[in-house]
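Below, chains carry the letters A, B, ... as their sequence lines are ordered, and counting in each starts from 1. Because the structure is predicted, anything quoted here is derived from the model rather than measured.
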Amino acid sequence: MVSDEQMKEIAARSLRRTLDDSLEWSTLRGARARNGYICNFENASLIVEKRNDEDADIDFVRFAILNGSGETVGEITSYEDGDELYELYEKAETKALSINETLQNILSHL
Amino acid sequence: MPSVSEIANWSSIIGLFFGLVAFIIAIAQLERTRKAATAAKNAVEDFDIKVRRLYSSTDLARALQAFEELKRLIYDQNFDRVPERIASIQEQLIAVRASAPNLSDAERQILQGVIANLEMLEIETLKRFHSLQQKNLQVHSVIVDEILPDVGKLRQILVNLKTFNTEVKDGK
């Protein structure tokens, strides 16, 4: 797994590329369909999703980087107890911003 | 009668002339050799591309066949074997991405997307099976419906690979 700092840097770089190259985001499949997006690069994927920690019954926003084999190699989680990223995501969701607008906001805080 | 020096001069000029002709012939020969070497190199590269396309097409066709088996496993509720089948599809898709020549960035992104979707399918299959079953939903068709778009995209890549095969074979 990559360190938190590395992960932030990778996430920021990936987000910037998705915006610069206008890459397509798809909604996640299955049970996570309404709660997240995935963007695929040639050899990696970036997931942004909102989930619920069933044990603690608390929501969190998660950024995950998958490698070329689909395995999660790093993630950033931001919980609903006042974390900046979570707040940004939540606010974007409330305002029904597009995924690109949401990510643009998030990018400036990474 | 020409003097000895005149004969020597003419001999030098004629020698120079033949020297030049020989030089030009040597250059032409070198150029022919270079072209032949380039043609041989191109032929080897073409052959390499054909072989890699053939292997990639075969791997992709196998992956698509494995998708059919995956659907059958899901319909038969044989979930224990799902992870194994998913792993083998992922392996084949990774091989295709690594070896298929001239894949576009978009095609690589599609392959990556399918690999990532399969990973998530594997993680969630059992969990979702139970939760969907509790809601009396048609579990199998829900899961299979999620696989179908990926199968369609992979078929398109397979068609592209095979089409290129034909083009190479036709010498286009």
A.B. asks: What about L148(B) and L64(B), same hydrophobic cluster or not, with Ile/Leu/Val/Met/Phe/Trp/Tyr joined at side-chain heavy-atom distances under 4.5 Å?
C.D. replies: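 Same hydrophobic cluster.
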A.B. asks: Identify whether L73(B) and Y75(B) are in the same connected component of the hydrophobic contact network (ILVMFWY, side-chain heavy atoms under 4.5 Å).
C.D. replies: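 Same hydrophobic cluster.
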A.B. asks: Could you grab the distance from atom CG of N43(A) to atom CD of Q112(B), nearest 0.5 Å is fine?
C.D. replies: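 These two atoms lie 6.0 Å from each other.
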A.B. asks: Compare every heavy atom of N40(A) with every heavy atom of A116(B), then report the nearest pair and how far apart it is.
C.D. replies: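 Here A116(B) and N40(A) meet closest at CB-OD1, 4.2 Å.
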A.B. asks: For E68(B), does the CD atom have more than 12 heavy-atom neighbours from other residues, nucleotides or ligands under 6.0 Å away?
C.D. replies: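 Check passes, neighbour count above 12.
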A.B. asks: Do Y79(A) and L85(A) sit in the same hydrophobic cluster, where Ile, Leu, Val, Met, Phe, Trp and Tyr count as joined when their side-chain heavy atoms come under 4.5 Å apart?
C.D. replies: no
A.B. asks: So which part of I38(A) gets closer than 4.5 Å to some heavy atom of chain B, the side chain, the backbone, both or neither?
C.D. replies: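 The side chain, not the backbone.
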A.B. asks: So how far is it from N117(B) CG to S26(A) OG, rounded to the nearest 0.5 Å?
C.D. replies: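 Those atoms lie 7.5 Å apart.
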A.B. asks: At a 4.5 Å cut-off on heavy atoms, which part of S69(A) comes close to chain B: side chain, backbone, both, or neither?
C.D. replies: both
A.B. asks: If hydrophobic clusters are built from ILVMFWY residues whose side chains come within less than 4.5 Å, do V159(B) and L111(B) share one?
C.D. replies: no
A.B. asks: Does NZ belonging to K50(A) count more than 12 external heavy atoms closer than 6.0 Å?
C.D. replies: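 Enclosed: over 12 neighbouring heavy atoms sit under 6.0 Å from NZ of K50(A).
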A.B. asks: Do L28(A) and M120(B) come within less than 4.5 Å of each other through their side chains, counting heavy atoms only?
C.D. replies: yes
A.B. asks: Is there a continuous path of hydrophobic side-chain contacts, each under 4.5 Å between heavy atoms, that joins I65(A) to L19(A)?
C.D. replies: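 As far as the 4.5 Å side-chain criterion goes, L19(A) and I65(A) are connected within one cluster.
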A.B. asks: If I take atom CD from residue E42(A) and atom CD1 from residue I110(B), how far apart are they, to the nearest 0.5 angstrom?
C.D. replies: 11.5 Å
A.B. asks: Give a yes or no on whether E24(A) atom CD has more than 12 heavy-atom contacts from other residues, nucleotides or ligands under 6.0 Å away.
C.D. replies: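 No, because the 6.0 Å sphere around CD of E24(A) holds 12 heavy atoms or fewer from other groups.
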A.B. asks: Heavy atom to heavy atom, less than 4.5 Å: which residues from residues 87-107 of chain B reach chain A?
C.D. replies: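 Near chain A, by residue number: Q90(B), I94(B), R97(B), D105(B).
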A.B. asks: Show your reasoning for whether side-chain contact (heavy atoms from CB on, under 4.5 Å) applies to L23(A) and Q109(B).
C.D. replies: CA-CA 10 Å; L23(A) 294 183; Q109(B) 285 164 9; 4.0 Å; yes
